[in-house]
Amino acid sequence: AGATPLLAIRGLRAAYGKIEALKGIDLEIQAGEIVALIGANGAGKSTLMMTIFGRPRARAGQILFDGQDISSMPTHEVARLRIAQSPEGRRIFPRMTVAENLQMGADATPGSKAERAASLDRVLKLFPRLQERMTQRGGTLSGGEQQMLAIGRALMSRPRLLLLDEPSLGLAPLITRQIFSAIRALNNEDHLTVLIVEQNANHALRLAHRGYVMVNGLITMSGEGMELLQRPEIRAAYLEGG
Ligand code: ATP
């Protein structure tokens, strides 16, 4: 306690025309934490993540990264601060090879040859499947492999903060477990700080140190991951029968 959070969001508002997607969000992430953001479809989770990158722009409030307000910063400058994201729907480059996709991630931030080689090594250790498919086009990978590639590409920029939007979306349980175990390893072994948006509240809250629940553009609950998972209102809304 008392340390400057790696990310601090205060009173954040954002909108698409007249649709208010974020209505005053407060959220903090300490360095070394995994924080989960859960909530139903349309709650505003993706918008929160995208607003960190300046699209859409914050209409009010602050986004402090390491104490610096980045809420008016252009997207490419945010990336240079080594905030990386794996967006919803993955958005890899389908016509480029796996190797080229990973290279694009490294190009987002400056880094020496040795640093690039070390990042690539790490990514391929985490996701050995990608090693086998380096010369294959991204578009020919399975859904799970594309998700691995999207995360791998984000890791190539040597992020200080990794934002993951629905990494388990549409994936088989076995692949989901592999992805979540890679995220845990990145946090445990590399001390990577992670914000993960998930509709799979069960997985996300087990993985995360802390979680926030978002409803209709507002944070309605927060707490330790396992503690949130025990709450009857969370179980009723996000776990049972869903
Ligand atoms: P999902 O899991 O479906 O992505 P979410 O919690 O991430 O849901 P958002 O995608 O952030 O929610 O959407 C929040 C609100 O903003 C919704 O009402 C949505 O319809 C609206 N919205 C999102 N993107 C746009 C857009 N490009 N233009 C207009 N409205 C949008």
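Counting convention: from 1, in listed order, for ligands and their atoms alike.
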Would you sort out whether Leu22 and Thr51 count as a side-chain contact (heavy atoms from CB on, under 4.5 Å), showing the intermediate values? CA-CA 9 Å; Leu22 305 179; Thr51 304; 3.7 Å; yes

Among all the protein's non-hydrogen atoms, which is closest to atom 8 (O) of ligand 1, and how far away is it? Gly42 N, 2.7 Å

Arg116 vs Asp121, salt bridge (Lys or Arg N to Asp or Glu O under 4.0 Å): CA-CA, chis, key distance, verdict: CA-CA 8 Å; Arg116 283 182 181 218; Asp121 200 54; over 6 Å; no

Counting from 1 in the order shown, the ligand 1 atoms closer than 4.0 Å to a non-hydrogen atom of Ala43 are 5 (P), 6 (O), 12 (O)

Near Arg57 CZ, under 6.0 Å, is it more than 12 heavy atoms from other residues, nucleotides or ligands? yes

Below 4.5 Å, heavy atoms only, C-beta onward: do Ile52 and Phe65 meet side chain to side chain? no

Atoms in ligand 1 flagged as close to Thr47, the criterion being non-hydrogen separation under 4.0 Å: 9 (P), 11 (O), 13 (O), 14 (C)

Got a donor-acceptor contact below 3.5 angstrom from the Glu100 side chain to the Thr97 backbone? yes

Please verify whether a non-hydrogen atom of Gly39 lies at under 4.0 Å from ligand 1. no

Looking at ligand 1, is there an atom of it that comes within less than 4.0 Å of some heavy atom belonging to Met50? no

Is atom CZ of Arg122 surrounded by more than 12 heavy atoms (other residues, nucleotides or ligands) closer than 6.0 Å? yes

Just which atoms of ligand 1 are under 4.0 Å from any heavy atom in Glu166? 2 (O)

Below 4.0 angstrom from a heavy atom of Lys45, which ligand 1 atoms are there? Numbered from 1 as shown, please. 2 (O), 5 (P), 6 (O), 7 (O), 8 (O), 11 (O), 12 (O)

How far is atom 3 (O) of ligand 1 from its nearest protein heavy atom, and which residue and atom is that? Asn41 OD1, 2.6 Å

Is atom 27 (N) of ligand 1 less than 4.0 angstrom from some protein heavy atom? yes

For Ala58 and Leu12, the nearest pair of non-hydrogen atoms, with its separation, is CB-CD1, 3.4 Å

Which residue owns the protein heavy atom closest to atom 10 (O) of ligand 1, what's the atom, and how far is it? Ser46 CB, 3.8 Å

Looking only at distance, does Gly44 have an N or O less than 3.5 Å from an N or O of ligand 1? yes

Check: Ala21 N/O within less than 3.5 Å of ligand 1 N/O: no

In terms of side-chain heavy atoms, does Asn188 have a donor or acceptor partner in Arg184 at a distance below 3.5 Å? no

Considering only the protein, which heavy-atom contact is closest to atom 29 (C) of ligand 1, and what is its distance? Tyr16 CB, 3.4 Å

All N/O donor-acceptor pairs, side-chain side in residues 168-175, below 3.5 Å, sequence neighbours left out:
{"unit_1": "Ser168", "atom_1": "OG", "unit_2": "Glu198", "atom_2": "OE1", "d": "3.0"}
{"unit_1": "Ser168", "atom_1": "OG", "unit_2": "Glu198", "atom_2": "OE2", "d": "3.1"}

Heavy-atom contact check, 4.0 Å cutoff: does Ala40 meet ligand 1? yes

Should one rank Met214, Gln199, Arg55, Glu198 by closest heavy-atom distance to atom 2 (O) of ligand 1, which comes out on top? Gln199

Determine whether Ile25 and Met214 satisfy the following criterion, side-chain contact (heavy atoms from CB on, under 4.5 Å), listing intermediate values before the conclusion. CA-CA 9 Å; Ile25 298 290; Met214 210 167 160; 3.7 Å; yes

